[in-house]
Amino acid sequence: MADIKRGVSLYSFQEEYFLGKMTMEDCIAKAASFGANGIEIIGEQMVPGFPKLTDAFVDQWFGWMDKYGTTPVCHDMFLDFKKYKGYVMSQLDQLQSIIRDLKFANKLGCKVMRVIVSTTPELMELAAPYAEEYDVKMGIEVHAPWHIDNAWMKRHYEVMEKMNSPYLGFIPDMGTYTKKIARIIVDNFLRKGASEKIAQLVADSYEKGVMAEYIVGEVRSMTDKPIDIALAEQARHNSYTNPKQLLPYMNRIFHIHAKFYEMLDEDTEYSIPYNEVVAVLKQGGFKGYMCSEYEGNRHIHDAFVVNSVEQVRRQQLMLKKLIGE
Amino acid sequence: MADIKRGVSLYSFQEEYFLGKMTMEDCIAKAASFGANGIEIIGEQMVPGFPKLTDAFVDQWFGWMDKYGTTPVCHDMFLDFKKYKGYVMSQLDQLQSIIRDLKFANKLGCKVMRVIVSTTPELMELAAPYAEEYDVKMGIEVHAPWHIDNAWMKRHYEVMEKMNSPYLGFIPDMGTYTKKIARIIVDNFLRKGASEKIAQLVADSYEKGVMAEYIVGEVRSMTDKPIDIALAEQARHNSYTNPKQLLPYMNRIFHIHAKFYEMLDEDTEYSIPYNEVVAVLKQGGFKGYMCSEYEGNRHIHDAFVVNSVEQVRRQQLMLKKLIGE
Amino acid sequence: MYEQYIIHTKPENTVENGTVTGFQVGAKLPYYRGLGISMIEDVQLTIDGKAVAPENILVVLHGNTYTLKQMETEPEDRWEFGEVGTIKVLQPGGLVSGEHTVELLFNLRVSYMPVNAIRKYSKTFMV
Amino acid sequence: MYEQYIIHTKPENTVENGTVTGFQVGAKLPYYRGLGISMIEDVQLTIDGKAVAPENILVVLHGNTYTLKQMETEPEDRWEFGEVGTIKVLQPGGLVSGEHTVELLFNLRVSYMPVNAIRKYSKTFMV
Ligand SMILES: [Mn+2]
Ligand SMILES: [Mn+2]
């Protein structure tokens, strides 16, 4: 049996769910049908009445898990520290919000909680004992353009080391390994009026690994068009780092967001070299879940009918082969 | 004997050299007096008539090395691919420029050449056989805000692996580990009219590891003053990454730029946690030279008399202790 | 993102006790996880190029009716992801039959974003 | 950076064959490694607020005299780091005695920089 396990974040099916084409049960069933038996959810996205959980819902949830042979894996938490205009929530109120989500994750049987990247290291330190109490590991999401050894993550790492708790770690989002800028994003900009020439320049320079600063500078020297500048700025929001960077941190990595933009077929994601990424995870002995996170939906739904199910199916097939199940 | 060796890039003494207060010999003598017996030079900065080398100069150079007990270590190369307005030099002409510098380094007995970060991986591939021919290792300088596993360096790494040549590698510049923004840089902005409040915000946020994007965004929401915006943009040009990131690449690291901004005393650089950095280099088994690269000069010389010699003296003492000589 | 789904159903006149008190549209929140109501910083509706005064806008969600002012202090109740709410405009007499253009704008204060997300959509209907 | 060192010596009138043909200042290049002359994209000199026409500027480096036009095609010769060059202004009669303000600007095309470095300094002298 392969060490790396497969799952799906139901986030992937958001388009169909939003449009009422799929229910939560449909989402779970589809994930299971691809052999992805780990289920990740954003509680706020699909659980009506969040953060409250009725006994009826919890029963249904575990009922679905039994029915489809799936396992609850991860709940994705958000931290709304700007609940009121002009006012930032106190640290203790923020801590309460985290505890609320830990309880939520615990009740749904999730052993991992994705912590949103903006959460401070200080807060993680305060929350660590509660993570232990509710038996839910908290992983700070390493989301592009952050990366696992940048300044913010270094401070998180220091807290992990200081607390020396197995309940603190990283959840790398594979968007950090975006080698080519998603063509569906570039096409979206073109539909909004960006210039072909600028689009080509940005995509080519990004793929060559040119520093965002240079790309933005060059585009600004060519045009003032806001949509063109915004396209150039994409080079700041996307990132590609060498996945080898994960190796010194493997003991702190217990879950992976298998972000993707566009599966061309059952072997290839357009932007992210999953072969490289999975090779590093294997080398590092990763044993957790890789959960599909389909990000294409909102970049294409202005012009196309989204087929999240087919996209996830292809990615799961690719992952299965790469993992070597 | 400690594995890590100490040296000085004569770049450190540029202020005094520029003002005619120190000759090249003075620079070498000072380095030697601090026990830093590795000498790094920017040929273009201090060798009159660069790239030509007269026999007289070469004799004098090695004479100085004998006299002061120093060793030539590294030549820092530049690549002027925009020699003519509106025209970018062809790849073959660029290669010729690199070969010119390899010959220069070789004649001065330097076994390492610092390659400027903008040099393409393709060019490194073409130049590798010449590096071998002239017995000069070429290290691409990993200069902030680049870092050793970002996209550009990943492509360089791929060339190193593909060529499988010991003549290709990285020269990490310790500016990549700038944990606090240099206060001498912030003070320089204040002298130019930046607001105290913005300066405090930028320095504090940077130290907290806040993503540059957020710092620039916040400052823009507070002010339109160009000097304040420029100060915020410093968060993009500086960087702090976890020095652990070097560990997977140690076999490709043969030289270090010990960049520094301000030595407070003989133990502390204001911005860069050298204790962390040297600990990682030791852990990784680094055996090359760490060469002082004093960067403070040009940020203070508008208002203060620069004392590069004292700054380098302090850093060398700190390095000596940290290395454990 | 999600902009084209903002206006879910076409404008209809609101009849209360036999009187046309205004008009209303069905709407969805253009954000992928729903949001506590106090974080919906603003809702703006423009009809035929004319902005409706904020005090004449009501938001109805699963039976709860809010003025924009009331929304500011309601953090618990949420506009759920995919939920169809109703934007009511107080305008005695409502809309006359014929073509009308509605623009609906949401200003969302999402904590992790450095600036608010402002999303809008405009559509022309036969009423 | 290095701006305050741009103007190295105060303006003096240039006397050639007993005639005052203009004036000149000693100058240093504000850049830390020197530069091939073709990469000094522009040199501008302003005297008492009035810009000197480019064709009236000459740059003298270790005995070699260049017009700005000639500089464009000279990649080999270098303005060395710390070297004092001379900026000559052709202006028959030169400067009258008294106070004069000189501004000197260098526009440097440094290949690794995304945009040119433009560095200038202004200073008032008694001539
Ligand atoms: Mn993610
Ligand atoms: Mn350096």
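So that the names make sense, note that chain A is the first sequence line, chain B the second, and so on, each numbered from 1. This one's a predicted model, so the numbers in the text were calculated from it and none came from an experiment. Keep in mind that the numbers below use all heavy atoms, side chains included, and drop hydrogens, waters and symmetry copies.
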Exercise. Looking at CH2 of B:Trp152 and OH of A:Tyr240, how far apart are the two atoms once the value is rounded to the nearest 0.5 Å?
Worked result: 14.0 Å
Problem set entry | B:Lys197 atom NZ, neighbour heavy-atom count above 12 within 6.0 Å | no
Exercise. Side chain, backbone, both or neither: which part of A:Glu276 has an atom under 4.5 Å from a heavy atom of chain B?
Worked result: side chain
Seminar exercise, completed: Nearest heavy-atom contact between B:Gly209 and A:Ala151 is CA-CB, 3.6 Å
For this session: Sort A:Tyr206 into side chain, backbone, both or neither according to what part of it lies under 4.5 angstrom from a heavy atom of chain B.
Result: neither
Exercise. Has B:Lys192 got more than 12 heavy atoms of other residues, nucleotides or ligands less than 6.0 Å from its NZ?
Worked result: yes
Exercise. Between A:Asn150 and B:Met211, does a side-chain contact (heavy atoms from CB on, under 4.5 Å) hold up when you go through it step by step?
Worked result: CA-CA 9 Å; A:Asn150 76 355; B:Met211 179 66 66; 4.0 Å; yes
Problem set entry | chain B contact via A:Tyr177 - which portion, at a heavy-atom distance below 4.5 Å | neither
Seminar exercise, completed: Minimal heavy-atom distance between B:Lys208 and A:Arg155, with the atoms involved, is O-NH1, 2.6 Å
For this session: Measure distances from A:Pro145 to the heavy atoms of chain B and classify the residue's part below 4.5 Å as side chain, backbone, both or neither.
Result: both
Problem set entry | Pairing of A:Lys244 and B:Glu158 as salt bridge, 4.0 angstrom limit | no
For this session: State the NE2-CG distance between B:His147 and A:Asp149, to the nearest 0.5 angstrom.
Result: 6.5 Å
Seminar exercise, completed: Applying a strict 4.5 Å limit to non-hydrogen atoms, the region of A:Glu213 in contact with chain B is side chain
For this session: Look up atom CG in B:Asn242 and atom CD in A:Gln245, then write down how far apart they are to the nearest 0.5 Å.
Result: 10.5 Å
